[in-house]
Amino acid sequence: MKKLNEIYIFDEKLKYIATIDEYVKVKWKEEFFEADVFSIEIDFDIITDVNDEQYQKNKNIFEGLDSMYKDKIYKPRFIMTDFFGEDNIRVGLIESYKINETDNKLEIDGRGFLALFDAIEALNKEYIPSANTDDHAGRIACDILNDNMNIDNNKILTNIFVADGLNNKVGTERYLMTESKQTVYEAVTELLSLENIGFKTIYNKKYNKIYFHAIDTSNKNVNIAISKDDENLLSNEYEFDIGSYKNYCTVIGEGEVVSIDNTNGNIRFCITIESKKKKKDIEKNAYRNMLETEGRIELEKSVIEENYDISITDDINVIPGDTCIVKMNVGYKELSKSILITGIEHEFTNSEYNRKVSFGKPYNSKQELKKTLGVK
């Protein structure tokens with residue numbers, strides 16, 4: 001059985017605080033297009049015997065959590081686990097914790113590190129490729145993170161987090177304008193999702209920093225087959241929904257109107273948005289390209305939803321970002337699909353390990369993910 005041996009708590013300077021090595025249940029969902037989601041439940045007896053070994057463990061955990069908010073000052077606390085490998089230490093931001101002293105339970109909930117940028121409003125800034133730049137989507141994502149991380153000399157973030165644009169040149173060039181009413185997290189994830197690019201934030205022990213990695217799937221080989229005829233497909237459920245579907249977007253800008261037509265000659269499902277992006281002294285083509293990116297991001301949120309709830313055996317070694325060939329019966333027909341793995345939920349108890357693999361592209365589903373994991 002796969003086992004999660006230890007979970008570590010670190011402070012805002014990535015200094016070790018405490019270890020959780022016993023738990024009732026841990027859920028950790030690796031996500032491809034969004035920040036991970038996790039929940040931890042542990043037995044938490046209030047021990048009074050200072051000589052008891054468990055006393056110091058519980059005390060360290062509690063003091064680490066309690067010190068997040070002192071004298072009306074918040075300092076983030078991070079969860080890390082090397083379950084995914086020494087070179088793939090995923091980092092989570094603790095968003096809440098609850099102690100039930102009657103039942104002697106402690107519950108910790110949170111999301112991946114990048115969720116920290118969900119509380120930071122983006123600057124009003126244009127990102128315009130030029131002849132001297134190589135502004136692919138992954139690099140622009142790094143620029144957005146760095147521009148907003150350096151506001152007011154924010155040393156907490158700049159000392160622990162690295163988003164290196166030179167090492168994240170994936171995707172196509174994009175014209176983008178961020179605005180203050182969207183968060184940095186929204187700007188980055190919307191841009192990357194448009195390009196079918198995922199991301200992860202990984203802790204590097206050697207440099208004691210957290211690194212941002214944009215993940216491109218465009219050249220990744222399809223080498224995993226999941227079939228109804230094989231033992232590796234245990235069950236499947238297919239759902240089709242056009243409730244949010246749009247295939248034609250009109251973007252009204254400042255003196256410019258741009259339309260994005262994905263109808264391919266079929267029925268037009270229209271949406272019109274008014275851009276708040278100002279033309280200023282931007283050249284006409286660059287401004288129109290910005291409006292086009294805005295429209296494509298909107299259409300990306302409005303696709304037909306095909307949900308594949310598929311259960312596969314544990315011996316299939318997959319990670320988020322892998323593409324699988326899936327053959328399955330749906331009603332009276334057989335589907336053969338190339339499907340991107342968008343998330344893997346790991347659930348650990350003292351006696352069991354369960355894995356649930358998500359297929360498809362469920363983007364912008366933070367609340368649904370929290371509900372699935374039982375995170376409030």
Side-chain angles (χ1 to χ4, degrees), residues 31-35 91 93 112-204 207 209-218 251 253 275-283 285-298 300 321 363-364:
E31 269 295 320
F32 189 66
F33 292 113
E34 299 191 58
V91 185
L93 170 72
F113 175 85
L114 214 69
L116 193 58
F117 288 87
D118 212 5
I120 302 174
E121 287 193 346
L123 294 168
N124 288 293
K125 185 167 181 178
E126 303 100 13
Y127 295 89
I128 305 174
S130 67
N132 299 320
T133 62
D134 192 11
D135 293 328
H136 295 266
R139 186 166 181 174
I140 292 176
C142 291
D143 289 343
I144 295 170
L145 291 167
N146 288 316
D147 288 341
N148 292 276
M149 189 165 57
N150 289 313
I151 298 174
D152 300 325
N153 194 23
N154 190 332
K155 290 185 177 179
I156 285 183
L157 281 174
T158 54
N159 285 341
I160 65 173
F161 183 56
V162 177
D164 183 359
L166 293 176
N167 290 321
N168 286 285
K169 294 191 295 183
V170 296
T172 59
E173 289 194 332
R174 282 288 170 188
Y175 292 72
L176 185 74
M177 181 185 293
T178 54
E179 53 192 8
S180 58
K181 287 192 176 181
Q182 67 179 159
T183 69
V184 176
Y185 177 85
E186 289 171 340
V188 169
T189 55
E190 286 176 359
L191 172 65
L192 295 180
S193 178
L194 173 63
E195 293 281 323
N196 218 36
I197 295 170
F199 72 88
K200 59 183 178 180
T201 47
I202 302 299
Y203 174 65
N204 186 301
Y207 298 106
K209 290 183 183 293
I210 300 165
Y211 286 80
F212 173 83
H213 298 274
I215 308 167
D216 186 13
T217 62
S218 59
V251 186
S275 177
K276 296 179 182 179
K277 297 172 173 54
K278 303 299 182 181
K279 188 175 186 301
K280 301 179 183 178
D281 57 352
I282 303 171
E283 292 183 0
N285 286 340
Y287 183 61
R288 288 181 63 85
N289 282 330
M290 284 183 179
L291 298 180
E292 180 184 347
T293 298
E294 188 176 6
R296 292 197 180 280
I297 286 175
E298 197 64 35
E300 187 67 18
Y363 172 68
N364 202 21

Should the pair His213 and Tyr211 be assigned to parallel (<30°), tilted (30 to 60°) or perpendicular (>60°) ring geometry?
tilted
Sidechain N-carboxylate O distance under 4.0 Å for Glu300, Arg296
no
Atom [atom1] in [X], atom [atom2] in [Y]: separation rounded to 0.5 Å?
{"X": "Asn168", "Y": "Ile215", "atom1": "CG", "atom2": "CD1", "value": "9.5 Å"}
{"X": "Glu121", "Y": "Thr178", "atom1": "CD", "atom2": "OG1", "value": "11.5 Å"}
{"X": "Glu292", "Y": "Ser275", "atom1": "CD", "atom2": "OG", "value": "13.0 Å"}
{"X": "Phe212", "Y": "Lys200", "atom1": "CZ", "atom2": "NZ", "value": "12.0 Å"}

Does Tyr127 form a side chain to side chain contact (heavy atoms under 4.5 Å, CB included) with Asp147? I'd like the steps, not just the answer.
CA-CA 11 Å; Tyr127 295 89; Asp147 288 341; 2.8 Å; yes
Partner of Glu190 by side-chain contact (heavy atoms from CB on, under 4.5 Å), out of Leu176, Thr293, Ile297:
Ile297
Test Tyr185 against every option in Leu114, Leu145, Ile144 by the side-chain contact (heavy atoms from CB on, under 4.5 Å) rule and name the one that passes.
Leu114
For residues [X] and [Y], report the shortest heavy-atom separation together with the two atoms involved.
{"X": "Ala35", "Y": "Gly112", "result": "CB-N, 3.7 Å"}
{"X": "Lys279", "Y": "Glu283", "result": "NZ-C, 4.3 Å"}
{"X": "Asp216", "Y": "Gly171", "result": "OD2-N, 4.3 Å"}
{"X": "Ala214", "Y": "Val170", "result": "CB-CG2, 3.8 Å"}
{"X": "Leu192", "Y": "Ala141", "result": "CD2-CB, 4.0 Å"}
{"X": "Arg174", "Y": "Ile140", "result": "O-CD1, 3.1 Å"}

Would the distance check show the side chain of [X] and the main-chain N or O of [Y] forming a donor-acceptor pair, the cut-off being under 3.5 Å?
{"X": "Asn148", "Y": "Leu123", "answer": "yes"}
{"X": "Tyr287", "Y": "Lys277", "answer": "yes"}
{"X": "Lys155", "Y": "Thr158", "answer": "no"}
{"X": "Lys169", "Y": "Gly138", "answer": "no"}
{"X": "Glu195", "Y": "Thr172", "answer": "yes"}

Are the side chains of [X] and [Y] in touch, meaning some heavy atoms are under 4.5 Å apart?
{"X": "Asp143", "Y": "Lys125", "value": "no"}
{"X": "Lys278", "Y": "Asn124", "value": "no"}
{"X": "Asn204", "Y": "Val162", "value": "no"}
{"X": "Arg139", "Y": "Leu166", "value": "yes"}
{"X": "Ile160", "Y": "Phe113", "value": "yes"}

Under the ring pair (Phe, Tyr, Trp, His ring centres under 6.0 Å) test, which residues partner Tyr175, sequence neighbours left out?
none
Please list, chain by chain and in numerical order, all residues satisfying ring pair (Phe, Tyr, Trp, His ring centres under 6.0 Å) with Phe117, sequence neighbours excluded.
Phe161
